[in-house]
Amino acid sequence: MLLAAGAMIVYLTGGTRFAYPYLMLIPVLLAAAWYGLPGALLTAVVAGLLMAATPLNVLTGEQQEPLNWLIRLALYLLIGGFAGWLFSRLLQIHAERDAAARTDPRVGLPNQVALEEDLAGLLARMPRRDGKTVGLILIRISDIGEILEAMGADASDALMIAMSQRLGHQELVQGIYRFSGAELVVLLWPIDRDGLERVAEHLVAAGEENLTVQGIPIRAQLVLGSSMPLGKEAGPGELIREARIALLAASEKQRSHCHYSPDFTRRTVETIKLIARVRRGLEAGEFELHYQPKLRLSDGQICGCEGLIRWRDDRGELISPAMFMPKVESTTLIAPVTRFVIREACRYAERFGGAVSINVSAHNLQDKALLGYLESLVEQSGIHPWQLEVEITETALMQDMVAAKQALERIRSFGIGVSIDDFGTGFASFEYLRHLPITGLKIDRAFVSGLEDDERLRKLMTCLIDVGHALDLLVTAEGVETQAQHRILRELGCDQAQGFLYTKALPAEELTAWRRSHEQRAGSIHS
């Protein structure tokens with residue numbers, strides 16, 4: 001149309017002797033921009049031929065000399081060819097940059113940018129009558145850090161490539177994307193919830209098989225989180241966020257796969273809000289220590305207690321430690337919280353006498369300033385060091401045995417006791433007991449529950465008690481709830497016990513009243 005319009009203008013304005021033939025360069029340049037070099041050359045030839053057929057002077061009918069229109073044709077070809085090459089090069093550079101922006105440079109897989117674009121395209125499609133839609137599975141290779149440390153970055157990249165090739169054979173897979181250093185995303189279409197669950201099972205099974213990387217067989221541990229936009233409007237960012245929340249839930253629950261549930265988000269938001277209030281709660285005095293007594297099984301007398309943190313909100317209701325302590329332990333808030341527990345335990349020991357045990361985390365053991373605070377506070381409070389005991393779980397010890405041993409040795413140098421909490425439920429061997437400077441073992445409630453009815457459990461409890469006594473350790477059983485459990489533990493030679501049979505954890509004043517009442521009826525419990 002532009003070529004025809006240009007030719008008409010040249011003809012109506014008198015012919016090619018005037019300047020209007022240059023208008024024919026407009027469609028030539030536009031063809032170069034739209035169609036590149038081939039389009040520009042073809043349009044230049046057509047424009048040149050149209051001008052060759054147009055008289056030099058329309059009024060007189062004078063025709064052009066061949067040399068005249070050949071020079072004009074050559075000019076069109078030269079300008080069109082250069083413009084076509086230039087635009088083609090620009091388009092090629094743009095395509096290369098776009099491909100680079102959509103590709104992970106280390107492994108050559110599509111990246112997060114490509115994922116969001118492709119996902120947006122699938123979400124924009126018309127809804128299917130069968131109800132099937134987009135499915136997203138976020139996969140994390142949870143042990144890639146070990147591979148990176150042992151074999152280097154090239155090996156971890158090779159593992160990602162090999163894993164993507166294996167996972168790509170699953171049905172309905174639209175694409176596999178590298179989302180981060182240790183994460184892949186599988187995009188599925190079209191799929192329903194049952195189909196997504198089946199694909200997730202296949203992906204987990206595929207991860208179970210060894211992959212050969214740099215000549216070494218490697219088994220990757222996969223954790224999956226999935227999401228779908230069923231029943232609501234959702235953008236790419238929202239679906240990706242939901243898949244990540246599901247993946248975190250799978251990690252917390254130690255499962256291979258979790259599909260997103262709105263409950264995950266509600267719990268996460270509530271947890272975030274709760275954690276944000278911890279520091280303010282400490283400053284406002286909302287935290288307190290409750291104390292659960294420990295009984296000496298040989299005579300039923302109270303021989304100490306365990307200080308357990310409690311949080312009383314502005315309505316006066318107690319917030320369970322399970323709601324905030326697991327998250328607090330993974331943040332820097334664990335230091336001020338533990339300082340509060342140490343202060344309160346020392347005040348209780350100073351005021352009421354007796355021994356108090358407190359729980360510390362793996363992060364606490366690595367905090368030299370906190371250990372120094374523990375020592376100075378014991379000295380300033382005027383209590384005897386033996387009145388304070390530190391309890392640490394097997395799991396926390398196993399995170400860094402060398403650092404934990406050094407920290408415990410420092411605590412023992414203060415004269416403070418050290419007990420292994422939840423003993424028997426961790427992954428450590430008995431070998432470490434010889435080398436740690438501990439003074440007690442606290443047998444987990446899992447070994448106490450069912451003692452009355454399970455002969456094998458009683459034999460196992462006997463073994464645990466004997467191990468503690470063989471190492472000259474004070475053995476405490478927690479979670480005692482029945483008189484039968486109390487009697488069996490005493491017969492087996494366990495030193496101490498605590499549990500709801502005696503009382504739950506109480507505020508300091510209430511524990512004092514309970515102590516007086518217990519001393520009056522201690523004989524009946526002991527008998």
Side-chain angles (χ1 to χ4, degrees), residues 289-309 321 341 345 348-349 353-360 385-397 408 411-412 415-426 428 430 432-433 436-452 457-506 511 514-515 518 522 525-526:
L289 223 58
H290 287 192
Y291 304 89
Q292 187 173 37
K294 298 178 182 179
L295 268 66
R296 188 166 50 241
L297 289 172
S298 61
D299 57 12
Q301 296 299 312
I302 299 172
C303 55
C305 60
E306 179 181 4
L308 300 168
I309 193 168
V341 171
Y348 180 87
V356 184
S357 62
I358 59 173
N359 296 281
V360 298
W386 61 263
Q387 289 182 266
L388 199 63
E389 181 185 49
V390 166
E391 294 185 7
I392 182 76
T393 65
E394 284 184 88
T395 304
L397 286 173
L408 296 184
I411 292 173
R412 287 294 298 129
I416 297 173
V418 176
S419 181
I420 304 299
D421 196 12
D422 298 337
F423 180 69
T425 59
F430 288 156
Y432 78 97
L433 294 176
L436 290 176
I438 57 178
T439 57
L441 292 181
K442 196 170 186 181
I443 300 175
D444 187 77
R445 65 183 65 247
F447 297 97
V448 176
S449 178
L451 272 178
E452 311 97 311
L457 188 58
R458 287 196 292 272
K459 292 180 179 178
L460 183 57
M461 176 64 75
T462 301
C463 176
L464 295 176
I465 294 172
D466 289 344
V467 167
H469 289 165
L471 297 172
D472 296 324
L473 303 177
L474 192 65
V475 181
T476 304
E478 62 178 345
V480 179
E481 297 182 354
T482 66
Q483 283 284 0
Q485 292 169 359
H486 171 94
R487 176 181 52 80
I488 292 171
L489 288 169
R490 186 179 62 189
E491 292 173 353
L492 295 179
C494 187
D495 301 307
Q496 300 177 163
Q498 67 183 99
F500 285 175
L501 171 64
Y502 317 115
T503 180
K504 63 179 183 179
L506 300 170
L511 181 61
W514 179 88
R515 183 195 295 264
H518 170 77
I525 294 181
H526 179 57

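By convention here, the first residue in the shown sequence is residue 1.
The shortest side-chain heavy-atom distance between Asp495 and Leu297 does not fall under the 4.5 Å cut-off. The shortest distance between side-chain heavy atoms of Ile358 and Glu389 does not fall below 4.5 Å. Between Thr476 and Cys494 there is no side-chain heavy-atom pair separated by less than 4.5 Å. In this structure the side chain of Leu506 reaches within 4.5 angstrom of the side chain of Trp514, judged on heavy atoms.
For Leu451 against Ile488, the heavy-atom pair with the smallest separation is O-CD1, 3.6 Å.
Side-chain atoms of His518 never come within 3.5 Å of backbone atoms of Thr503 as a donor-acceptor pair (strictly under, hydrogens ignored). For the pair Arg487 (side chain) and Glu491 (backbone), a donor-acceptor distance under 3.5 Å is absent. Side-chain atoms of Arg296 never come within 3.5 Å of backbone atoms of Cys303 as a donor-acceptor pair (strictly under, hydrogens ignored).
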Residues 438-445 side chain polar contacts: donor-acceptor under 3.5 Å, at least two apart:
residue	atom	partner	partner atom	Å
Thr439	OG1	Val418	N	3.0
Thr439	OG1	Val418	O	3.0
Lys442	NZ	Glu306	OE1	2.5
Lys442	NZ	Glu391	OE1	3.2
Lys442	NZ	Glu391	OE2	3.1
Lys442	NZ	Gln498	OE1	2.8
Asp444	OD2	Ala446	N	2.9

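Going from atom CG of Leu295 over to atom CG of Leu489 covers 12.0 Å, rounded to the nearest 0.5 Å. Ile416 CD1 to Ile411 CD1: the interatomic distance, rounded to the nearest 0.5 Å, is 7.0 Å.
Judged as a ring-ring contact (aromatic ring centres under 6.0 Å, His included), and not counting sequence neighbours, Phe447 has no contacts. Remark: Glu478 engages no residue in a side chain to side chain donor-acceptor pair (under 3.5 Å) (not counting sequence neighbours).
Under the 30°/60° scheme for interplanar angles, the aromatic rings of Tyr502 and His486 are found to stand perpendicular.
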